[in-house]
Asker: 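Here it is, the structure, as structure tokens.
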Amino acid sequence: MESPPTEANGGDFFAARLLDWFDAHGRHDLPWMHPRTPYRTWLSEIMLQQTQVATVIPYFLRFVTALPELPTLAVTAPDEVLALWSGLGYYSRARNLHAAAKCCMAAHGGDLPRDFTALLALPGIGRSTAGAILAQAWGERFPILDGNVKRVLTRLYGIDGWPTAPAVEKRLWALAEAALPSSPATRPRMADYTQAQMDLGATVCTRARPRCDECPFTDTCVAKRESRTSELPTSRPKKIIPQRETRMLWLRDIEGRTLLARRPTSGIWASLWSLPEADDQDGIDRLVARHAHASEMPRGEALPPIEHAFTHFRLRIRPWRLDGIAPRARVGDNDDLRWVAPEAFAALGIPAPVRKLIEENTP
DNA sequence: AACCCGGGGAT
DNA sequence: ATCCCAGGGTT
């Protein structure tokens with residue numbers, strides 16, 4: 001076949017060549033493949049949302065060691081699940097994972113459902129993740145459309161426009177559907193096919209400097225033929241990122257415990273444990289007065305500001321540290337406020353910059 | 001359709 | 001410094 005597959009002739013050109021490439025050059029030993037159970041597949045797909053493989057691997061291994069099966073996850077305390085997720089980001093993934101596990105216990109006999117609609121109904125599972133789970137765990141014939149597939153398809157077909165824009169995404173879904181394995185040789189290999197797309201995108205059809213000479217589609221790729229691999233996929237529309245600022249109070253008592261506050265259940269770092277915050281130094285002073293005896297109120301010291309970048313804003317954290325406090329009785333220990341010893345930090349979900357601040361300044 | 005939600009790897 | 005990654009949920 002001389003031309004790339006189209007919506008009309010998708011046939012088996014794409015799958016057959018991709019699988020041949022995968023057999024020789026694909027990744028066959030990522031941690032969630034051995035063993036490749038539905039639970040491990042699901043967990044890996046959630047962790048891999050917007051997160052690169054190398055980042056996920058240590059978190060995945062720690063998570064499945066602590067919670068090796070779905071029923072174990074379902075009965076685990078939310079704080080412990082968040083602790084296992086701590087540092088990985090997008091914490092709603094962990095909360096949704098936990099809620100979905102409970103749902104599987106209540107409605108699906110303790111297993112992940114082998115059904116597209118039922119999977120899609122679980123929190124944290126969208127169309128692409130549902131397809132990835134069905135294809136990889138059970139060999140079901142469903143397409144995926146992640147960042148890798150979007151990149152491969154926009155280049156192979158020369159598709160302009162930001163791939164996340166609804167109109168472009170709709171077209172890409174149609175192409176992904178049309179490219180699915182359809183012959184007796186490829187149809188039984190849905191798990192490999194799904195993995196192969198992601199491997200091609202991650203190792204050959206990379207965002208910068210793609211290795212086109214190693215690509216099985218270098219002869220048919222529109223972007224390659226027109227020298228547009230650096231332009232496709234179209235980058236996201238530029239936006240001005242606002243800068244925000246906050247102050248955090250790092251209060252330690254005479255035993256070296258730190259006062260932590262639970263964050264609100266919505267917004268950034270929802271439900272995680274963090275340092276008490278204030279908008280200005282007056283607010284910090286008021287927090288100190290609330291948690292320390294007036295008779296022993298030292299001034300404390302400013303630590304170097306921390307710059308933390310999110311997708312949609314930048315945050316400057318100005319930490320204020322004060323040691324040797326004798327906590328005021330009854331103020332500091334409830335569901336939203338706790339004095340925590342350094343050894344107990346590991347059991348709590350704590351925002352990455354806050355954990356880093358504390359670790360780097362604790363002897 | 002636009003926005004919200006983290007952290008880090010790659011360049 | 002900038003982009004964006006094995007996306008999904010909410011408004």
Side-chain angles (χ1 to χ4, degrees), chain A residues 26-27 30-33 40-60 82 85-97 99-100 119-133 135-136 143-152 161-170 172-173 176 191 194-203 205-210 230 233-242 263-272 274 306-315 349-356:
Chain A
R27 295 175 292 189
L30 294 170
W32 38 90
M33 299 174 175
R40 291 164 61 92
T41 302
W42 170 43
L43 175 63
S44 73
E45 287 300 327
I46 301 302
M47 284 189 166
L48 287 161
Q49 287 171 359
Q50 301 297 100
T51 312
Q52 296 181 351
V53 168
T55 301
V56 163
I57 287 176
Y59 285 89
F60 176 85
L82 282 174
W85 212 271
S86 188
L88 198 53
Y90 284 121
Y91 298 95
S92 64
R93 292 184 294 175
R95 284 188 295 277
N96 286 334
L97 188 82
L119 278 176
L120 204 56
L122 294 173
I125 298 181
R127 181 177 177 183
S128 187
T129 299
I133 293 169
Q136 300 198 73
I144 60 169
L145 189 62
D146 64 354
N148 290 306
V149 179
K150 284 178 176 177
R151 192 166 52 252
V152 169
W162 184 40
T164 302
V168 180
E169 191 166 270
K170 184 178 179 182
L172 292 172
W173 270 117
T194 301
Q195 185 62 42
Q197 294 173 87
M198 299 189 280
D199 287 356
L200 186 70
T203 66
C205 195
T206 50
R207 183 165 67 87
R209 304 200 320 171
S230 64
T234 305
S235 58
R236 83 155 52 230
K238 290 190 191 301
K239 284 195 330 185
I240 295 173
I241 304 298
R263 295 186 55 82
T265 54
S266 65
I268 204 81
W269 297 327
S271 300
L272 270 63
S274 184
I306 300 165
E307 302 288 345
H308 193 71
F310 298 90
T311 307
H312 50 301
F313 67 93
R314 299 178 186 282
L315 182 65
I350 298 173
V354 176
R355 190 183 293 279
K356 188 177 174 192

Asker: How many Å lie between CE on A:Met198 and C1' on C:dC5, as a whole number?
Answerer: 13 Å
Asker: If the P atom of B:dA10 is compared with that of C:dG7, how far apart are they to the nearest Å?
Answerer: 16 Å
Asker: Of A:Arg127 and A:Ser235, whose nearest nucleotide on DNA chain C comes first from the 5' end?
Answerer: A:Ser235
Asker: How many angstroms lie between atom CD of A:Gln197 and atom CG of A:Asp199, to the nearest 0.5 angstrom?
Answerer: 10.0 Å
Asker: Could you tell me how far apart A:Leu97 (CG) and C:dG9 (C1') are, to the nearest whole angstrom?
Answerer: 15 Å
Asker: With no hydrogens and no angle check, do the side chains of A:Thr129 and A:Gln49 hold a donor and an acceptor under 3.5 Å apart?
Answerer: yes
Asker: If you check the A:Ser128 side chain, which of C:dT2, C:dG7, C:dC4 turns out closest?
Answerer: C:dG7
Asker: Using atom CE of A:Met47 as one end and atom P of C:dA6 as the other, report the distance to the nearest whole Å.
Answerer: 16 Å
Asker: Roughly, in whole Å, what's the span from CD1 in A:Ile240 to C1' in B:dC3?
Answerer: 16 Å
Asker: Quote, to the nearest angstrom, the C1' distance that separates C:dG9 from B:dG8.
Answerer: 23 Å
Asker: Using a 4.0 Å heavy-atom cut-off across all strands, classify A:Trp85 as base, sugar-phosphate, or nothing.
Answerer: nothing
Asker: Hey, are A:Ser86 and A:Arg355 close enough side-chain-wise for a donor-acceptor pair under 3.5 Å?
Answerer: yes
Asker: Between A:Gly201 and A:Arg314, which residue's closest nucleotide on DNA chain C lies nearer the 5′ terminus?
Answerer: A:Arg314
Asker: Will you find, in the side chains of A:Thr51 and A:Arg93, an N or O donor that is under 3.5 Å from an N or O acceptor?
Answerer: yes
Asker: Look at the rings of A:Trp269 and A:His308 and say which category their plane angle falls in: under 30° parallel, 30 to 60° tilted, over 60° perpendicular.
Answerer: tilted
Asker: Tell me, yes or no, whether the heavy-atom count around A:Arg27 atom CZ, taken from other residues, nucleotides or ligands under 6.0 Å, exceeds 12.
Answerer: yes
Asker: Heavy atoms only, 4.0 Å cut-off, all strands: where does A:Ser44 land among base, sugar-phosphate and nothing?
Answerer: nothing
Asker: Let me have a per-nucleotide readout for nucleotides 4-11 of chain B, 5' to 3', with B, S or -, counting only protein heavy atoms under 4.0 Å.
Answerer: SBBBSB-S
Asker: Measure the distance from CD on A:Glu169 to C1' on B:dA2 and round it to the nearest whole Å.
Answerer: 14 Å
Asker: How close or far is atom P of C:dG7 from atom CG of A:Leu48, stated in whole angstroms?
Answerer: 8 Å
Asker: Report yes if the distance between the aromatic ring centroids of A:Tyr59 and A:Trp85 is under 6.0 Å, otherwise no.
Answerer: no
Asker: Got a donor-acceptor contact below 3.5 angstrom from the A:Arg151 side chain to the A:Cys205 backbone?
Answerer: yes
Asker: Using whole Å, what does the distance between atom C1' of nucleotide C:dA6 and atom CD of A:Gln136 come to?
Answerer: 9 Å
Asker: Touch check for A:Val53, heavy atoms < 4.0 angstrom, all strands: base, sugar-phosphate only, or nothing?
Answerer: base
Asker: Could you tell me how far apart A:Leu119 (CG) and C:dG7 (C1') are, to the nearest whole angstrom?
Answerer: 15 Å
Asker: Under 4.0 Å between any heavy atoms, over every strand shown, what does A:Ile241 touch: base, sugar-phosphate, or nothing? Just pick one.
Answerer: nothing
Asker: What interatomic distance, in whole Å, is found between P of C:dA6 and the corresponding atom of B:dC3?
Answerer: 24 Å
